[in-house]
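Counting starts at 1 for both ligands and their atoms, following the listed order. Residue numbers count from 1 along this sequence. Since the model is a prediction, treat every value here as computed from it, not as a measurement. Every heavy atom of this structure was used, including side-chain atoms; hydrogens, water molecules and symmetry mates were not.
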Amino acid sequence: MIEARGLARSFTGKHGTVEAVRGVDLDVAPGEIVGFLGPNGAGKTTTLRMLTTLLAPTAGTATVAGHDLRADPAGVRRRIGYVAQGGGTDPSVPALEELDLQARLYGVADRAERIAGLCARLDLSGLERRPSAALSGGQRRRLDIALGLVHRPPLLFLDEPTTGLDPQSRGNLWEHIRGLRERDGTTVFLTTHYLDEADALCDRLLIIDHGRIVAEGTPEQLKRRVAGDVVTLELAPGPDGAPEDGLSGDPATGRAKAALAGHPAVREAAVAGRTVRLTVENGERELMGLVRLLDGAGVELASLSLARPTLDDVFLTVTGRSLRDAA
Ligand SMILES: Nc1ncnc2c1ncn2[C@@H]1O[C@H](COP(=O)(O)OP(=O)(O)OP(=O)(O)O)[C@@H](O)[C@H]1O
């Protein structure tokens with residue numbers, strides 16, 4: 001649905017040249033929900049504006065929804081929907097008028113039917129006569145999405161769809177976005193600052209930093225590839241019931257460390273008191289083997305837990321900074 005190669009854009013102004021996007025390759029398959037994740041100024045919006053024909057690339061090529069970006073921008077525009085950051089509705093115009101105007105602009109033949117269908121699908125029924133100023137933040141975002149979908153595009157671009165919404169409205173919007181894919185097979189390409197959004201909504205993520213894609217994969221793959229899983233083992237107290245101090249040569253922690261050291265999936269092992277914290281590749285799969293290994297070494301466990309790294313860990317690893325700080 002999207003195939004871009006070497007897409008780049010620089011801006012030249014009084015203060016010199018800014019290379020906003022420096023050669024991005026990306027592929028999006030039909031029916032995917034792909035998230036474009038990165039801190040402020042990373043190049044997300046510039047990439048999106050190029051893919052939606054609003055901004056000419058300085059270099060590179062792309063085919064979007066079956067049309068060449070440079071040779072046939074009008075063809076691209078007919079086949080995509082674009083919901084900009086902050087939307088584009090006039091606060092004083094009733095929702096229905098906005099939708100009707102959009103449908104006329106695109107020459108939609110069954111306007112009334114299409115609009116009623118979209119309003120029902122996006123929970124806007126009954127609100128058609130309200131101006132967008134009288135809609136809640138979540139309702140306004142759903143109206144923006146309805147406007148982007150009036151002409152039945154197979155590909156929808158969303159620029160930070162949930163920024164500024166409360167958690168409940170965000171969750172609700174995610175449901176609607178998933179519904180578009182499930183019911184109509186709509187492909188969705190969205191930008192976001194939010195790691196939880198990327199995790200909950202997207203099939204695949206592209207992480208962009210300083211105008212380049214620095215990591216790519218499913219949320220699960222990214223978490224595994226970059227950080228491994230964290231397994232925390234709490235060793236049972238010593239025979240006299242007193243907690244033994246791992247730092248002063250406790251035999252059980254020593255045995256545990258020695259047993260785990262040679263395990264191929266264990267990347268790191270850190271001991272604090274009677275707690276052993278391991279970074280393990282494919283933790284879920286390896287867990288039982290680790291327990292058996294410790295059992296064989298005569299190490300008794302009081303508790304055991306497995307935690308997945310977060311996307312923030314991934315981001316920190318690939319960009320050297322936390323997305324939370326950067327955003
Ligand atoms: N019209 C412009 N003129 C000059 N520089 C620009 C222009 N548009 C964007 N830039 C610069 O290009 C870089 C990328 O900006 P872009 O808006 O694509 O980032 P972003 O990842 O979408 O950020 P945000 O999350 O804040 O929307 C930034 O350094 C920005 O200042």
- Task: Take every heavy atom of P39, measure it against each atom of ligand 1, and state whether any distance is under 4.0 Å.
- Result: yes

- Side chains of S169 and N172: is there a donor and an acceptor less than 3.5 Å apart? no

- Item | Which atom of R111 lies closest to which atom of D100, heavy atoms considered | NE-OD1, 3.0 Å

- Query: Tell me: protein heavy atom nearest atom 9 (C) of ligand 1, and distance?
  - Reply: F11 CE1, 3.5 Å

- Please report which non-hydrogen protein atom sits nearest to atom 11 (C) of ligand 1, along with the residue it belongs to and the distance in Å to one decimal place. V18 CG1, 4.0 Å

- Query: Is E160 in contact with ligand 1, taking contact as a heavy-atom separation below 4.0 Å?
  - Reply: yes

- Query: Please state which protein non-hydrogen atom is closest to atom 17 (O) of ligand 1 and give its distance, to 0.1 Å?
  - Reply: T45 CB, 3.7 Å

- Message: Among all protein heavy atoms in this structure, tell me which lies nearest to atom 18 (O) of ligand 1, with the distance rounded to 0.1 Å.
- Response: T46 OG1, 2.6 Å

- Closer than 4.0 angstrom: is that true for some heavy atom of Q85 and an atom of ligand 1? yes

- Contacting atoms of ligand 1, where contact means under 4.0 angstrom from a heavy atom of A42: 19 (O), 20 (P), 21 (O)

- Report yes if the side chains of L51 and Y82 come closer than 4.5 Å at any heavy-atom pair, otherwise no. no

- Query: Can you list the atoms of ligand 1 that are under 4.0 Å from a heavy atom of N40?
  - Reply: 23 (O), 24 (P), 25 (O), 26 (O)

- Straight-line distance of D295 CG to L290 CG, nearest 0.5 Å: 12.0 Å

- Message: Within ligand 1, which atoms have a heavy atom of K44 less than 4.0 Å away?
- Response: 18 (O), 19 (O), 20 (P), 21 (O), 22 (O), 23 (O), 24 (P), 25 (O)

- Message: With no hydrogens and no angle check, just 3.5 Å: does a side-chain donor-acceptor pair link E197 and T162?
- Response: yes

- Task: Can you pull out the closest protein heavy atom to atom 23 (O) of ligand 1? Residue, atom name and distance to 0.1 Å, please.
- Result: G41 N, 2.7 Å

- Task: Please check atom 13 (C) of ligand 1 for a protein heavy-atom neighbour under 4.0 Å.
- Result: yes

- Message: Does the Lys NZ or Arg CZ of R78 fall within the cation-pi geometry relative to Y106 - under 6.0 Å from the ring centre and within 45° of the axis?
- Response: no

- Message: Any heavy atom of G43 closer to ligand 1 than 4.0 angstrom?
- Response: yes

- Would you confirm whether any non-hydrogen atom of the protein falls under 4.0 Å from atom 5 (N) of ligand 1? yes

- Query: Going by atom types alone, do T275 and E234 pair a side-chain donor with an acceptor below 3.5 Å?
  - Reply: yes

- Message: Within the 3.5 Å criterion, strictly below it, is a donor on Q85 or T45 matched to an acceptor on the partner's side chain?
- Response: yes

- Between D159 and T191, is any side-chain donor less than 3.5 angstrom from a side-chain acceptor? yes

